[in-house]
Amino acid sequence: MSDRHTAAGMRYRTYGHGDRDTFLLVHGWCGDHQFMEPVARHLAGRHARVVAVDMPGHGASPPPPDGYGVAHLAARLRAFAVALDLRDVVVVGHSLGGVWSLAAVAGDRDRFTGLALLDSAVAGPPGAADTVEQTARSLRDDTSGAVRESIVRSYFLPGSDPRLVEWVVTRMAAPSTEVAYEPIAGLAAYLRAEEDVAALARWDRPLLFVGSNAPFADYARLAELAPRADIGQAAGSGHFVQLEVPTQTNAMISRHLQLTR
């Protein structure tokens, strides 16, 4: 693993020094690059170049100048890829990071050639935008962090490793109330406008979706919107599939790459 670097206003780490493939890893809501480390280390073993970012306002990256809307953060990801001259890139995004990733790749189908979504809120069931909007409202004035903590804990199963649960809860408590609220409000607006549907329709490249025990996506709807997608579900895992069941998740990513690269 390299030292931390900066490009396009975002901090990032690199894993591996190969040139066989290039991967861009994008963490989710209130996370940082460390949430993607199991995937990063796995992909680096493929003699690949792996780059894991801290999204604006997350980890060591400063807040974005233009807000936390999905389109804004997707544009930052595209600018980041341009700044590093990343080409033929497969993007792996977890949770909200997958939504940002989908919006980014759909806007540059020449630079980005593959996409893996780890339990991301796309192609959701009816009422998904309303649910996300309610969550955003609950986070808006959550200065104590109690609502955020409750949400994070709900993402795990009763049998989840308590050490992992506490690590995730602690890491996700670090960002400000603004960082907890604004991206979720941006997600609600994105889903209400059905921009995820439009992006899936534009993305005619390989797509992998790995869901959890309670996936945000409606699998049938996702399959209809993205007929070429590989859709799988991790067994015995809550929302953080790459952390709870890394062997399963990495195996699904590897199989998808074997079929599509």
Side-chain angles (χ1 to χ4, degrees), residues 1-7 10-55 58-61 77 80-81 84 86-98 100-101 104-105 112-120 155-156 160-161 163-172 174 206-212 230 232-261:
M1 183 175 68
S2 77
D3 292 330
R4 192 175 291 166
H5 304 287
T6 301
M10 288 192 286
R11 302 286 271 178
Y12 69 95
R13 287 189 182 272
T14 57
Y15 303 73
H17 301 284
D19 56 6
R20 177 179 171 186
D21 288 301
T22 300
F23 297 94
L24 175 58
L25 309 189
V26 185
H27 65 80
W29 173 63
C30 284
D32 59 31
H33 72 277
Q34 295 182 72
F35 283 70
M36 303 301 289
E37 279 208 357
V39 178
R41 295 184 183 280
H42 171 71
L43 293 174
R46 293 171 52 90
H47 305 290
R49 181 185 186 188
V50 182
V51 181
V53 298
D54 284 352
M55 290 297 287
H58 298 73
S61 294
L77 281 173
F80 177 85
L84 290 184
L86 303 180
R87 299 178 183 275
D88 192 19
V89 185
V90 176
V91 185
V92 182
H94 171 246
S95 189
L96 184 51
W100 299 330
S101 298
V105 303
F112 301 105
T113 55
L115 177 64
L117 305 178
L118 308 182
D119 210 31
S120 297
Y155 289 155
F156 289 93
S160 294
D161 183 345
R163 293 168 298 179
L164 175 61
V165 174
E166 295 309 317
W167 183 87
V168 170
V169 167
T170 299
R171 298 292 303 181
M172 294 184 67
L207 171 65
L208 169 68
F209 187 96
V210 179
S212 68
D230 287 331
Q233 180 160 323
S237 177
H239 179 53
F240 298 90
V241 293
Q242 78 279 18
L243 297 175
E244 285 210 78
V245 288
T247 301
Q248 284 188 56
T249 302
N250 289 335
M252 283 191 271
I253 292 172
S254 288
R255 177 58 174 166
H256 174 74
L257 294 172
Q258 180 183 357
L259 294 172
T260 59
R261 299 296 288 175

Validation row, ring centre Phe23 to ring centre Tyr15 under 6.0 Å: no
Met252: side-chain contact (heavy atoms from CB on, under 4.5 Å) partners, not counting sequence neighbours: Val210, Ala234
Closest approach of [X] to [Y] (non-hydrogen atoms, all atoms of both residues):
X: Leu117; Y: Ser120; answer: CB-OG, 3.8 Å
X: Leu84; Y: Tyr12; answer: CD2-OH, 3.4 Å
X: Leu77; Y: Ala104; answer: CB-CB, 4.0 Å

Side chain proximity check, [X] to [Y], heavy atoms < 4.5 angstrom:
X: Leu243; Y: Phe156; answer: no
X: Leu25; Y: Val51; answer: no
X: His27; Y: His58; answer: yes

My understanding is that only one of His33, Arg13, Gln34 makes a side-chain hydrogen bond (donor to acceptor under 3.5 Å, both in side chains) with Asp54; could you say which? His33
Rounded to the nearest 0.5 Å, what separates atom [atom1] in [X] from atom [atom2] in [Y]?
X: Leu43; Y: Thr22; atom1: CG; atom2: OG1; answer: 11.0 Å
X: Asp88; Y: Arg20; atom1: CG; atom2: CZ; answer: 12.5 Å
X: Ser212; Y: Tyr155; atom1: OG; atom2: OH; answer: 10.0 Å
X: Phe80; Y: Leu24; atom1: CZ; atom2: CG; answer: 6.0 Å
X: Leu208; Y: Thr260; atom1: CG; atom2: OG1; answer: 8.5 Å

With Asn250, which residues qualify under side chain to side chain donor-acceptor pair (under 3.5 Å), at least two apart? none
